[in-house]
Amino acid sequence: MSVMQHIWIVLGVLFVLLNIAAGLIWVERRLLALWQDRLGPNRAGPLGLFIVLADTLKLFFKEDWIPPFADKWIFITAPAIVVGSVLLSFVIIPFAPGIVVADLNIGLLFFLAMSSLGVYSIVLGGWASNNKYALLGALRGASQMIAYEVFMGLSLMGVVMLTGSFKMGAIVEAQKDMWFIVTQPVGFFVFFIAGIAETHRLPFDIPEAESELIAGYHAEYSGMKFGMFFIGEYLGITLISAMMVALFFGGWLGPAFLPPLAWFALKTFFFIGVFILLRASLPRPRYDQLIEYGWKILLPVVLANLMITGAIALWVRGE
Amino acid sequence: MLQNILPGGGVSLMFSNLRTMWLVFLHLFRKKETIQYPEEKIKLHPRWRGRIVLTKDPDGGERCVGCYLCAAACPVDCIALQATEDENGRRYPEFFRINFSRCIFCGYCEEACPTYAIQLIPDFEMGEYNRQNLVFEKEDLLINSEGKYPGYNFYKVAGMEAGVKAKGKGDNEELPVDVKSLLP
Amino acid sequence: MNLLFYISSFVAVAATILAITRFHPVHALLYLVVSFLAAALIFLSLGSPFIAVMEVIVYAGAIIVLFIFVVMMLNLGKDTALQEKNWLRPKVWIGPSLLVLILLVEMIVLLLTAEDTAMHVTVVDPRNVSLALFGEYIIALELAGFLLMAGIVGAAHIGKQKKKQLHRFLQAEVMESV
């Protein structure tokens, strides 16, 4: 691949992703409204699409307030970390054959590393705000995300075992005959739950829980700094959906009447819809319930899954 | 252990969650409750408490007699008026002012009014860009209508003479007692 | 690759020095994170991406977050920073620093007198790492596993609530019923 082609892919991926993240503002509000028997934003522009523009403009023109009691530089850095780490994770996602920024041979591990760095934005943002609610949100976020990182990593190891590689392209190619959702349903289930917890989306939005902690770790943020957390959350949804598609639902593979990229986008949008449906339908569990659920149920389940997968893989290979 | 952590018990919880998601998803195909306001208006009931008006009696005279009961009943003190009399002795407000930026549309003034003059009507579209415009004077409040009580004329049933009817000439009203006569 | 190695080494050393000299514990920990990330890049430039990523996941992503978590829970304010300031007097650090400086000079002399050898970059992919772990070093791995298992069991034991805590109203009720 020539350098020019590479740059085009990077720019294209960045452009599409940021647009999707912004467009999700509209998608989420519209879908939530439909599921709550409302219409949702439908005034500005065709189908209310310009709400994205209006929201962005509002975020840009709001006062960019740094509280005098905050730790200024950490306060400024925190929102950048979440967007940066999520965007870096997209580097390894194979959108279609040939359309990938860098198909690293440690791709999956790189994704896990970047998602583990995402914790810092919550922890530092909450701590630097110097606010009790923000601090509580940060504490919850730290323990939740550290706990669920473990299951997230472990749930993917079954896929790695079956493929024999951390390379995302190889993982997608390995699903030519059968998607991994068939052979690794438990892995998918745990990865999905861990993914929700990792992006701290509802019902696991415990770090920001409006009803208890106002807005949790970003209680003191306003303007585009808040917007960064906002965009980071939507990018996180897109990332987890894309990962689920690539790891368990055959990535770009699909019947030939649609191009591979379209298959990938369709599947990803389906899972983004599921994320929004989760928000519309499920209530938030209590904080200790979430942690206990992780360590006492998901961890044994995922370890058992790993053991059984390993045994079967060895048995099949031994034939 | 499952029962301790998950309300409703382990496996059944997963299914109830999935069922919830499915039922919420089905709402996609329900009729939407939204009323698209400026194009599509909500139907207001006749007794809906909205914009405050001063009504007139069938003759076209003001019903308000300037008794100050509405101003006294108002919990937020948004009504101000000054009573005066015309040459016939008929009382009417010299000015009548309602500050709608304070009004809470509780309807106490309407209940307090002895002459059905002040009434709340089903209309809420009175937003203004300038707060000063929300102070309504008498000419803004007075409407050329009898409101919710058509045909009612206070001075027709009142005992006093104020240019509408002479004393004792009303329906159901006896002539005034002649105090100088000895006849019963 | 050489240049990248030197840049990340420089960042690692600078960040570590800053981590030691910061008075505020959270700032110090942030420099420590930078130092770990720089170490990860050093591994990457030396051709072992697996170890680099593990460094980021385990050290930068989990352990330092736990450190920050604890610091946040302790709610260290201005007093601690002041205390740190008092502890970090020249009298205290000048001795060790001089000794380390001697070592540094020694190292530089050794580096300069040594003959030029190109840096060996052998790419170690995940397969090699796991083959080494489960082949040559299987006993060390198992021992580490035992140690961690003991740690987990100990933590679970400490964390276990022995007594059932009852609210004082309920306690009174229980007393009455007995």
Side-chain angles (χ1 to χ4, degrees), chain A residues 69 71 73-74 77-78 81 85 88 92 102 104-124 126-130 132 134-147 149-150 152-153 157 160-161 164-167 198 217 291-292 295-296 299, chain C residues 22-34 36-37 40-41 43-44 47-78 81 123-131 134 148-149 152 155-156 159-161:
Chain A
F69 45 80
D71 195 316
W73 289 107
I74 298 183
T77 326
I81 294 175
S85 67
L88 274 177
I92 50 111
L104 305 174
N105 58 356
I106 46 155
L108 209 51
L109 288 173
F110 184 80
F111 159 74
L112 290 173
M114 285 306 127
S115 79
S116 72
L117 286 186
V119 188
Y120 279 107
S121 79
I122 292 187
V123 174
L124 296 179
W127 178 79
S129 300
N130 207 352
K132 278 175 194 146
L135 188 68
L136 280 173
L139 285 176
R140 288 173 169 201
S143 51
Q144 171 183 337
M145 288 175 77
I146 285 188
E149 235 168 65
V150 176
M152 189 184 236
M157 288 310 133
V160 175
M161 265 183 208
S165 170
F166 285 115
K167 205 171 175 155
E198 197 74 356
Y217 62 93
I291 301 293
E292 223 166 316
W295 288 113
K296 289 193 177 166
L299 188 62
Chain C
R22 291 307 92 186
F23 299 128
H24 204 297
V26 172
H27 294 177
L29 285 173
L30 282 181
Y31 279 113
L32 200 58
V33 176
V34 176
F36 280 132
L37 291 179
L41 267 181
F43 280 126
L44 195 61
S48 49
F50 186 77
I51 305 299
V53 171
M54 279 299 158
E55 176 100 10
V56 175
I57 293 178
V58 176
Y59 283 97
I63 290 180
I64 297 298
V65 173
L66 285 180
F67 281 12
I68 293 180
F69 187 83
V70 171
V71 168
M72 277 180 1
M73 286 230 278
L74 294 177
N75 195 16
L76 305 170
K78 287 204 177 84
V123 176
V124 185
D125 60 357
R127 180 177 296 276
N128 296 353
V129 174
S130 40
L131 280 178
F134 289 97
L148 287 175
M149 195 64 203
I152 288 175
K160 211 171 88 179
Q161 265 195 343

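Chain A is the first sequence line, chain B the second, and so forth, proteins listed ahead of strands; every chain is numbered from 1.
Pairs engaging residues 134-144 of chain A under the salt bridge (Lys or Arg N to Asp or Glu O under 4.0 Å) rule: A:R140-A:E212 [sequence neighbours left out].
With a 4.5 angstrom heavy-atom cutoff, A:A128 does not touch chain C via any of its atoms. In this structure, chain C has no heavy atom under 4.5 Å from any part of A:S115. With a 4.5 angstrom heavy-atom cutoff, C:L66 touches chain A via backbone and side-chain atoms both. Heavy atoms of A:I106 lying under 4.5 Å from chain C belong exclusively to its side chain.
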- [ ] For side chain to side chain contact (heavy atoms under 4.5 Å, CB included), just list the numbers for C:V65 and A:M145, CA-CA rounded to whole Å, side-chain angles, deciding distance to a tenth of an Å, and then say yes or no.
- [x] CA-CA 10 Å; C:V65 173; A:M145 288 175 77; over 6 Å; no
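Ranked by heavy-atom pairs shorter than 4.5 Å toward chain C, the options A:L117, A:V123, A:L139 are led by A:L139. The greatest number of non-hydrogen atom pairs below 4.5 Å with chain C, out of A:N130, A:I146, A:L112, is found for A:I146. When C:L37, C:V58, C:I64 are compared by the number of non-hydrogen pairs under 4.5 Å with chain A, C:I64 comes out ahead.
A distance of 5.0 Å separates CG of C:L30 from CD1 of A:I74, quoted to the nearest 0.5 Å.
Under a cut-off of 6.0 angstrom, the local environment of CZ in C:F43 is sparse, with at most 12 non-hydrogen atoms contributed by other residues, nucleotides or ligands.
The ring pair (Phe, Tyr, Trp, His ring centres under 6.0 Å) search around C:F36 returns C:Y59, not counting sequence neighbours.
Within the 3.5 Å criterion, the main-chain N or O of C:A60 finds a donor-acceptor partner in the side chain of A:Y120.
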